[in-house]
> 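One structure follows; several queries about it will come next.
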Amino acid sequence: MDSIVGFILKAILDKKIKFIKRKNVNFTNSITKHIVKLVGTLKQEDELIEVLKRKFTKKEFKIFAAFEEGQTLEEVMTLLKENDSERVEKTYQTAIKKLNQELFKRELIDINF
């Protein structure tokens, strides 16, 4: 029983550590860098993260966040346990294309500016 509890606690701590590392990314700057035409101001950082998690697939979000943290392609591939570098790059490009869709942009923009 103790080993199961220890395993669960370790898993919880690992997820918190990964979340803390994700906070090093400034999603406001990352989004601004990739969006071609942005009309208005972006939402707060925590609201942006929620929108990105909702609109991206899990893999797209992980890849986008990892590249914006400054990780290399090899580090991202080991993080996701992916062997195909072209597939990772294609997923990243898909995420950037999604950022530039009008419906996606509307959710990122703060209406009360």
Side-chain angles (χ1 to χ4, degrees):
M1 185 74 173
D2 289 335
S3 63
I4 295 172
V5 173
F7 177 77
I8 293 171
L9 287 175
K10 185 176 183 296
I12 291 171
L13 288 175
D14 286 344
K15 285 188 177 182
K16 284 186 179 178
I17 290 170
K18 286 180 182 176
F19 182 72
I20 290 170
K21 287 182 182 176
R22 285 281 180 256
K23 285 197 155 199
N24 291 336
V25 178
N26 186 346
F27 283 105
T28 306
N29 289 342
S30 299
I31 291 170
T32 306
K33 177 174 66 174
H34 291 295
I35 290 182
V36 178
K37 290 185 180 180
L38 181 66
V39 179
T41 58
L42 293 173
K43 293 181 177 181
Q44 297 295 322
E45 192 77 15
D46 55 341
E47 293 173 346
L48 285 177
I49 292 171
E50 292 301 317
V51 171
L52 291 176
K53 284 183 178 180
R54 191 173 61 245
K55 289 296 201 174
F56 284 157
T57 63
K58 287 181 184 180
K59 188 173 266 191
E60 286 172 343
F61 180 76
K62 286 180 183 179
I63 290 173
F64 182 76
F67 275 121
E68 296 307 316
E69 281 178 356
Q71 294 184 4
T72 63
L73 180 62
E74 291 79 24
E75 292 172 337
V76 174
M77 287 172 54
T78 56
L79 175 74
L80 296 173
K81 300 173 186 164
E82 182 71 47
N83 296 327
D84 190 9
S85 63
E86 290 179 12
R87 190 169 179 193
V88 172
E89 290 174 354
K90 186 176 180 181
T91 306
Y92 182 64
Q93 292 303 321
T94 302
I96 292 173
K97 285 179 184 178
K98 280 187 178 181
L99 274 176
N100 281 295
Q101 293 174 349
E102 287 301 319
L103 291 173
F104 201 115
K105 288 185 203 179
R106 287 184 198 151
E107 290 198 38
L108 295 171
I109 293 176
D110 191 11
I111 297 171
N112 301 324
F113 64 90

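Computed from a prediction, not measured in an experiment: that's the story for all the values here. Numbers here are sequence positions counted from 1.
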> Rounded to the nearest 0.5 Å, what separation is found between the CD1 atom of Ile63 and the CD1 atom of Ile96?
11.0 Å

> When you compare the side chain of Asp46 with that of Phe27, does any pair of heavy atoms fall below 4.5 Å?
no

> Any side-chain heavy-atom pair from Glu82 and Lys59 closer than 4.5 angstrom?
yes

> Side chains of Phe104 and Lys97: closer than 4.5 Å at any heavy-atom pair?
no

> Which heavy atom of Ser30 sits nearest to which heavy atom of Phe64, and what is that distance?
CB-CZ, 4.2 Å

> Any idea which heavy atoms bring Gly40 and Ile109 closest together, and the distance?
CA-CG2, 4.3 Å

> Any chance you could measure Lys62, atom NZ, to Lys53, atom NZ, to the nearest 0.5 Å?
10.5 Å

> I want to check something: taking the side chain as every heavy atom from C-beta on, are His34 and Glu68 in contact at a cut-off of under 4.5 Å?
yes

> Can you tell me how far the CD1 atom of Ile31 sits from the CD atom of Glu45, to the nearest 0.5 Å?
7.5 Å

> Do Ile35 and Leu108 come close enough that some side-chain heavy atom pair is under 4.5 Å?
yes

> Quick one: pull up CG in Leu48 and OG1 in Thr28 and give me the separation to the nearest 0.5 Å.
5.0 Å

> Can you tell me if Lys55 uses its side chain to pair, donor with acceptor, with the backbone of Leu99 under 3.5 Å?
no

> Is the number of heavy atoms from other residues, nucleotides or ligands within 6.0 Å of CG (Asp84) greater than 12?
yes

> Nearest 0.5 Å, please: how far is NZ in Lys58 from CG in Leu80?
13.0 Å

> With the threshold set at 4.0 Å, does a side-chain nitrogen-carboxylate oxygen contact exist between Arg54 and Glu107?
yes

> Quick check for you: to the nearest 0.5 Å, what is the distance between Leu73 atom CG and Phe67 atom CZ?
5.0 Å

> Might you point out which heavy atoms bring Glu75 and Thr78 nearest each other, and give the distance in Å?
O-OG1, 2.8 Å

